[in-house]
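Below, all heavy atoms of this structure are taken into account, side chains as well, without hydrogens, waters or symmetry copies. Source: prediction; values computed, not measured.
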Amino acid sequence: MPALPSSIIEPIWDQFRALIPPVVDTHPLGCHRPRVDERIVFDKLIQVLKWGIPYEGIADESCSATTIRRRRDEWIQAGIFEDLEDLCLKAADKMLGLQLEDLTVDGCIVKAPCGGEAAGRSPVDRGKQGTKRSLMVEGQGLPIGFVIAGANRPDSPLLEETLEQVARFGFDLPNEITVHLDAGYDSTKTRDLLDTLGCDCIISKKGEPLQAGKRWMVERTNSWHNRGFRKLQICTEKRIRVIDAFIRLANSVIITRQLIHRAWTTHRWDTRPTRKP
C-alpha cells in the first residue's frame, strides 16, 4: 500500500528530483558499491513521515536504515526540503493566490518520547517530554511558516520569530496584514509587538467564551499535520534540523494536495485522479 496517492507524490518527486545536486564520487579507486536510487530513499522517507515507522522498520534489501539517514542528512545539508516547500508555495501563489492579508498563528504540542534539542516538559502531558510547533498559516489555511521549540515554551514569546517567516515572500506582502490569535496571546506585550510590526490584530479575550473567527484555519492545518503524518504526531527525532525537514516535507504534501483539490473541477491533466481528493 503506497503511503500517498501517486497523483500527489509524483509531482512532488518531480520537483524534489530536480533539486538534488549531482553526486561527486570521491573514492580514490572509484569502486564504491552502486548508489541506492534516489527515488527509493525518497519513498522511504515519505513512508517514515506518513506512518511514523522507525528507519530500521522500513529498511529492506533495497535500502538500509543507515542509507536512509545518510541520504536524508545530505538532502538537509543541500537545503532541498526548504527549497521544495518554497516551490510549492510559489505554485500555490500562482494558481490560487496566497491570502497574506490574513495570518493566523497558534502553537501545537506533540509528544517527544526520545527527548532531544526541541524537547521540554509538556504542561498538557503530566510533565513528559514534548515538542511545540508554532505554526503560521495564510487566509486559506496553507502553512507558510513555523518555529520549533520545547513544549515548555509559551506561545506568546514565539510569535515574533514565527511572524518573521513572512520575510520569505520579500516585497510581495500586502500593505495591511491582520494577525488572528487565540487568548493565549492576549497581552499588552503581544499588541505592542504587532504595533511595531505594523500589523492589525484580532485576539480572543481571556475569560470570555470561545471566539473562533478565522482561527479555525490554523487548527485545521495542525490537525492535518498530526492526523495525516504520524511522524509529526509523535516526534522521535532529536535534532531540530531533522524535525524541520519532516515538517517542510509535510507542508509540501499539504500544499500539493490542496492545489489538486482546487484544480480537480477546473482543469484536466493526464494524471488527474478519478475521484476528487
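Here the side chain of Arg230 pairs no donor or acceptor atom with the backbone of Ile53 at under 3.5 angstrom. A distance-only check finds no donor-acceptor pair linking the side chain of Lys238 to the backbone of Glu117 [under 3.5 Å]. With Trp264 contributing its side chain and Pro273 its backbone, the two residues share a donor-acceptor pair below 3.5 Å.
The neighbour count for Arg275 CZ, taken as heavy atoms of other residues, nucleotides or ligands under 6.0 Å away, does not exceed 12. Taking a 6.0 Å sphere around CZ of Arg121, one finds it holds 12 or fewer heavy atoms contributed by other residues, nucleotides or ligands. Within a 6.0 Å radius of CD in Glu56, other residues, nucleotides and ligands contribute more than 12 heavy atoms.
Residue Lys189 holds its NZ atom at 6.5 Å from OG of Ser156, rounded to the nearest 0.5 Å. The OG1 atom of Thr266 lies 8.5 Å from the CZ atom of Arg268; values are rounded to the nearest 0.5 Å. From Thr190, atom OG1 reaches atom OH of Tyr185 across 8.5 Å, with rounding to the nearest 0.5 Å. Distance check: Asp93 CG to Leu89 CG gives 8.5 Å after rounding to the nearest 0.5 Å. Atoms CD1 and CG, from Ile255 and Leu96 in turn, are 10.0 Å apart once rounded to the nearest 0.5 Å. Atoms CD and CD1, on Gln258 and Ile8 in that order, are 9.5 Å from each other to the nearest 0.5 Å.
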- Let me see the working for Leu19 and Leu87 under side chain to side chain contact (heavy atoms under 4.5 Å, CB included), right down to the final yes or no. CA-CA 10 Å; Leu19 295 171; Leu87 286 173; 4.0 Å; yes

- Message: Apply side chain to side chain contact (heavy atoms under 4.5 Å, CB included) to residues Arg215 and Ser204 and explain how you reach the verdict.
- Response: CA-CA 10 Å; Arg215 288 193 301 102; Ser204 300; 3.5 Å; yes

- Task: Quick one: do Trp75 and Leu45 satisfy side chain to side chain contact (heavy atoms under 4.5 Å, CB included)? Show the steps, please.
- Result: CA-CA 11 Å; Trp75 292 343; Leu45 286 178; 3.7 Å; yes

- Message: Under the criterion side chain to side chain contact (heavy atoms under 4.5 Å, CB included), I'd like the reasoning laid out for Asp83 against Gln15: C-alpha separation, chi angles, the key distance, then a yes or no.
- Response: CA-CA 9 Å; Asp83 292 342; Gln15 295 295 333; over 6 Å; no

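Using a 4.5 Å heavy-atom cutoff, the side chains of Arg239 and Asp244 are not in contact. Annotation: side chain of Phe229 is in contact with side chain of Ile254 (closest heavy-atom distance under 4.5 Å). For the pair Leu100/Val166, no side-chain contact is recorded, criterion being any heavy-atom separation below 4.5 Å from C-beta on.
Here ring-ring contact (aromatic ring centres under 6.0 Å, His included) pairs that include residues 77-122, with residues two or more places apart or in two chains, are Phe16-Phe81. Residue pairs meeting the ring-ring contact (aromatic ring centres under 6.0 Å, His included) criterion with at least one member in residues 84-123: none, sequence neighbours excluded. Applying the ring-ring contact (aromatic ring centres under 6.0 Å, His included) test to every pair with at least one member in residues 91-110, sequence neighbours left out, gives no pairs at all.
A salt bridge does not link Lys206 to Asp186: none of the charged nitrogens lies less than 4.0 Å from a carboxylate oxygen. The existence of a salt bridge linking Glu10 and Arg39 is confirmed by a sub-4.0 Å separation between a basic side-chain nitrogen and an acidic carboxylate oxygen. We find that Lys231 and Glu237 are joined by a salt bridge, their nearest charged nitrogen and carboxylate oxygen being less than 4.0 Å apart.
Here the shortest heavy-atom pairing between Ile12 and Ser252 reads CD1-O, 4.0 Å. Here the shortest heavy-atom pairing between Val242 and Asp73 reads CG2-OD1, 4.3 Å. Minimum interatomic distance between Glu82 and Arg248 (heavy atoms only, all atoms of both residues): CA-CD, 3.6 Å. For Gly115 against Gln129, the heavy-atom pair with the smallest separation is CA-OE1, 4.1 Å. Closest non-hydrogen pair, Leu259 versus Ala92, comes out as CD2-CA, 3.7 Å. Summarising the geometry of Lys44 relative to Ile58, their closest heavy-atom pair is NZ-O, 3.0 Å, with the distance given to 0.1 Å.
Clustering ILVMFWY residues whenever any of their side-chain heavy atoms sit less than 4.5 angstrom apart, transitively, puts Leu158 in a cluster other than the one holding Ile109. Under the 4.5 Å side-chain heavy-atom criterion for Ile, Leu, Val, Met, Phe, Trp and Tyr, Ile234 and Ile46 are members of distinct hydrophobic clusters. Residues Trp224 and Phe246 fall within the same hydrophobic cluster, defined by Ile, Leu, Val, Met, Phe, Trp and Tyr side chains chained together at heavy-atom separations under 4.5 Å. Val110 and Trp51 sit in two unconnected hydrophobic clusters of ILVMFWY residues. Membership requires side-chain heavy atoms under 4.5 Å apart, directly or through other members.
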Sequence neighbours left out, cut at 3.5 Å: what donor-acceptor pairs do the side chains of residues 132-148 make with other protein atoms?
{"residue": "Lys132", "atom": "NZ", "partner": "Arg153", "partner atom": "O", "Å": "2.6"}
{"residue": "Lys132", "atom": "NZ", "partner": "Asp155", "partner atom": "OD1", "Å": "2.8"}
{"residue": "Arg133", "atom": "NH1", "partner": "Leu232", "partner atom": "O", "Å": "3.3"}
{"residue": "Arg133", "atom": "NH2", "partner": "Asn226", "partner atom": "OD1", "Å": "2.9"}
{"residue": "Ser134", "atom": "OG", "partner": "Thr162", "partner atom": "OG1", "Å": "2.7"}
{"residue": "Glu138", "atom": "OE1", "partner": "Gln99", "partner atom": "N", "Å": "2.9"}
{"residue": "Glu138", "atom": "OE1", "partner": "Gln140", "partner atom": "N", "Å": "3.4"}
{"residue": "Glu138", "atom": "OE1", "partner": "Gln140", "partner atom": "NE2", "Å": "3.2"}
{"residue": "Glu138", "atom": "OE2", "partner": "Gln140", "partner atom": "N", "Å": "2.9"}
{"residue": "Glu138", "atom": "OE2", "partner": "Gly141", "partner atom": "N", "Å": "3.1"}
{"residue": "Glu138", "atom": "OE2", "partner": "Leu142", "partner atom": "N", "Å": "2.9"}
{"residue": "Gln140", "atom": "OE1", "partner": "Arg262", "partner atom": "NH1", "Å": "2.8"}
{"residue": "Gln140", "atom": "NE2", "partner": "Gly97", "partner atom": "O", "Å": "3.0"}

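Contacts of Arg17 classified as side-chain contact (heavy atoms from CB on, under 4.5 Å), with partners at least two apart in sequence or in another chain: Trp13, Asp14. Looking at residues two or more places apart in sequence or on another chain, you find a side chain to side chain donor-acceptor pair (under 3.5 Å) between Arg35 and Glu38, Glu74.
Results of the side-chain contact (heavy atoms from CB on, under 4.5 Å) test with Leu181 over Leu194, Thr104, Ile202, Asp106 single out Leu194 as the only residue that passes.
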